[in-house]
Amino acid sequence: MSNSPAQANSNRPATLDIRLILEAVDFVLGSAARPVELHEPRFGERERELVLDCIDTNWVSSAGKYVTRFEEMCAAATGARHGVAIVNGTAALHAALLLEGVQTNDEVLLPAVTFVATANAVSHAGAIPHFVDSTWDTLGLDPAGLEAHLDDIAVRRNGEWVNRHTGRRLRAVVPVHIFGHPVDVAALGAVAAKYDLVVVEDATESLGSTLKGQACGTFGHSAVLSFNGNKIVTTGGGGMIVTNDDEYARRARHFTSTAKKPHLWAFEHDEVGYNYRLPNLNAALGCAQMERLLAMVDAKRELAERYLAAFNKFSGASVYREPAGARSNYWLNTLVLDPECAGARDALLSALHEHGVRARPLWTPMHMLPMYRNCPRSPLRVAEDMYARCINLPSSPFLAAGGQPSANKS
Ligand SMILES: *Cc1c(COP(=O)(O)O)cnc(C)c1O
């Protein structure tokens, strides 16, 4: 496991000099104005032009040319056949889970290490989040750990796989490409096939990332993107369902626009749909941003290289490198403390904040949050270890130019 930070560092003395870390971070961030936020968008003339066009033409709501154009741009960027634009990533996950047949009281497997939206979407669908462990190989869900856990708890009843402890149906698995690093999807797919689990990819952090040349968002039957303000491409708030399945895309579009049948004047609805479509205003911002996706991925990869170089052969900590075969968008750069230095995490975070660097720890793992404390789960040793040792560093694309807003030129 060349990617295991604990092993990579094992032949070095593990001491953490906070002053040296501040110096290394300063070296990377250069002349960027302090405080340096974790992830910020930059807008240029093109964003202004397209958003103003919505206002000038009165097309601000969810019917409008930018919604379709934005869907086509995201489909083209991932290589998926369809994109269905949704108000935000959480709503897109919610709708995707329902459309994949997740029902009340089903269990849906997901990593304990993720942003809370993944677990919330499962709950919104009436299902029960079932947390599984992560791997240092990718920072995402561990397929081997998932298989061992399912071998232990899954039993076949009436033609379905159920959790023998709870009696509930095991229905789906939601891998998350954490910080843009692709999960080992081939291994995961094999486990999902063994246990008849539908794979819904949470690709909200990984727009622009690829694994062996294939884009994140195209590994499952359906996937979800997010365009929240801190993501690589933003629409203010927004999300998307992407899929290669024509019929699924048609159903998704219908289901998320109040299930209204197309008609010149009549209001006919044929099921309880959702009002989840993305407004044209947001899509217009997204179209302008998508024109710069490749440049932003390049800038983020350049920034990652600078962090990696600054912390190369550093004592007590290292910067996380993308998994083998992956080309990551490095959504958030991650500093991993050596196991012996985990105790210094919060002192380091304080020092970084006082220094004007808005670093943060990993999200509190889901099973530690009050509303998810009693959910089913596998052993979560790696998840808890990651939480103890990982710190995200400022990762806005414009920081690649030493803090000059180069991404602003459009
Ligand atoms: C951003 C994100 C989402 C979706 O969040 P929204 O703010 O609702 O767009 C879902 N899962 C993960 C892991 C995310 O990082």
Side-chain angles (χ1 to χ4, degrees), residues 37-41 70-71 74 83-98 102 108-125 127 129 131-132 134 138-141 172-183 185 188 199-209 216-217 219-220 222-242 256 274-279 282-283 285-286 289-290 300 328-334 360-367 369 372 383 386-387 390 392 395-396:
E37 300 299 335
L38 191 66
H39 203 287
E40 278 185 293
F70 185 51
E71 290 177 340
C74 292
V84 179
I86 306 286
V87 281
N88 60 57
T90 312
L93 271 171
H94 177 208
L97 289 166
L98 293 175
V102 170
V108 174
L109 297 136
L110 70 153
V113 170
T114 183
F115 176 55
V116 73
T118 320
N120 285 349
V122 171
S123 302
H124 295 164
F131 302 117
V132 292
S134 304
T138 64
L139 299 184
L141 189 150
V173 58
V174 186
V176 187
H177 307 297
I178 300 289
F179 308 143
H181 303 303
V183 164
V185 286
L188 175 69
V199 178
V200 177
E201 236 184 302
D202 182 336
T204 51
E205 303 180 357
S206 54
L207 178 61
S209 297
C216 287
F219 298 118
S222 59
V224 166
L225 308 176
S226 166
F227 308 103
N228 186 37
N230 65 353
K231 295 300 201 301
I232 183 165
V233 160
T234 185
T235 56
M240 192 164 298
I241 298 173
V242 290
T256 55
Y274 286 82
N275 179 16
Y276 272 0
R277 287 288 273 166
L278 185 74
N282 303 80
L285 192 64
Q289 291 261 289
M290 280 303 285
K300 287 174 72 63
S328 174
N329 71 5
Y330 281 96
W331 174 53
L332 293 182
N333 286 284
T334 308
R360 71 166 193 213
L362 227 59
W363 312 281
T364 301
M366 296 301 105
H367 66 292
L369 299 176
Y372 292 129
M386 270 182 195
Y387 177 53
C390 291
N392 289 130
S395 299
S396 305

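We count ligands from 1, going down the list as the structure has it; atoms in each ligand are counted the same way. Here, residue 1 is the first one in the sequence, and each next residue gets the next number.
The main-chain N or O of S395 is never found under 3.5 Å from a side-chain atom of N333 such that the two would form a donor-acceptor pair.
The side-chain heavy atoms of N228 and H39, taken from C-beta on, include no pair separated by under 4.5 Å.
Between W331 and F179, the ring planes lie tilted relative to each other; the angle falls in the 30° to 60° range. Classification of the F131-Y372 ring pair by plane angle, with boundaries at 30° and 60°, yields perpendicular.
Annotation: atom 14 (C) of ligand 1 to nearest protein heavy atom, T204 OG1, 3.1 Å. The nearest heavy-atom contact from the protein to atom 11 (N) of ligand 1 is D202 OD2, 2.9 Å. From the protein, the heavy atom lying nearest to atom 1 (C) of ligand 1 is K231 NZ, 1.5 Å. Closest protein heavy atom to atom 15 (O) of ligand 1: E205 OE2, 2.6 Å.
Contact annotation: for V224 versus ligand 1, there are no heavy atoms closer than 4.0 Å.
Where the criterion is an N or O separation shorter than 3.5 Å, residue side chain and backbone included, T114 fails it with respect to ligand 1. Of the polar atoms of G89, at least one N or O is found under 3.5 Å from an N or O of ligand 1, judged by distance alone. The shortest N or O to N or O distance between W363 and ligand 1 is not under 3.5 Å.
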**OP:** For the pair W363 and I178, evaluate side chain to side chain contact (heavy atoms under 4.5 Å, CB included) and give the outcome as yes or no after the intermediate values.
**Re:** CA-CA 11 Å; W363 312 281; I178 300 289; 4.0 Å; yes
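T138 and H181 form no side-chain donor-acceptor contact under 3.5 Å, judged by distance and modelled atom types alone.
Looking at every heavy atom in both residues, N329 comes nearest to G208 through CB-C, 4.4 Å.
Electrostatic pairing of E205 and K300 does not count as a salt bridge here, judged by no charged N lying under 4.0 Å from a carboxylate O.
Interface atoms of ligand 1 facing V176, defined by a heavy-atom separation under 4.0 Å, are 13 (C). Those atoms of ligand 1 with a heavy atom of A117 less than 4.0 angstrom away are 3 (C), 10 (C). Heavy-atom proximity to T90, at under 4.0 Å, picks out these atoms of ligand 1: 4 (C), 5 (O), 6 (P), 8 (O). Within the listing of ligand 1, atoms 9 (O) sit less than 4.0 angstrom from a heavy atom of G238. Each of the atoms 11 (N), 13 (C) of ligand 1 lies under 4.0 Å from some heavy atom of T118.
Going from atom CZ of F227 over to atom CG of L278 covers 8.5 Å, rounded to the nearest 0.5 Å.
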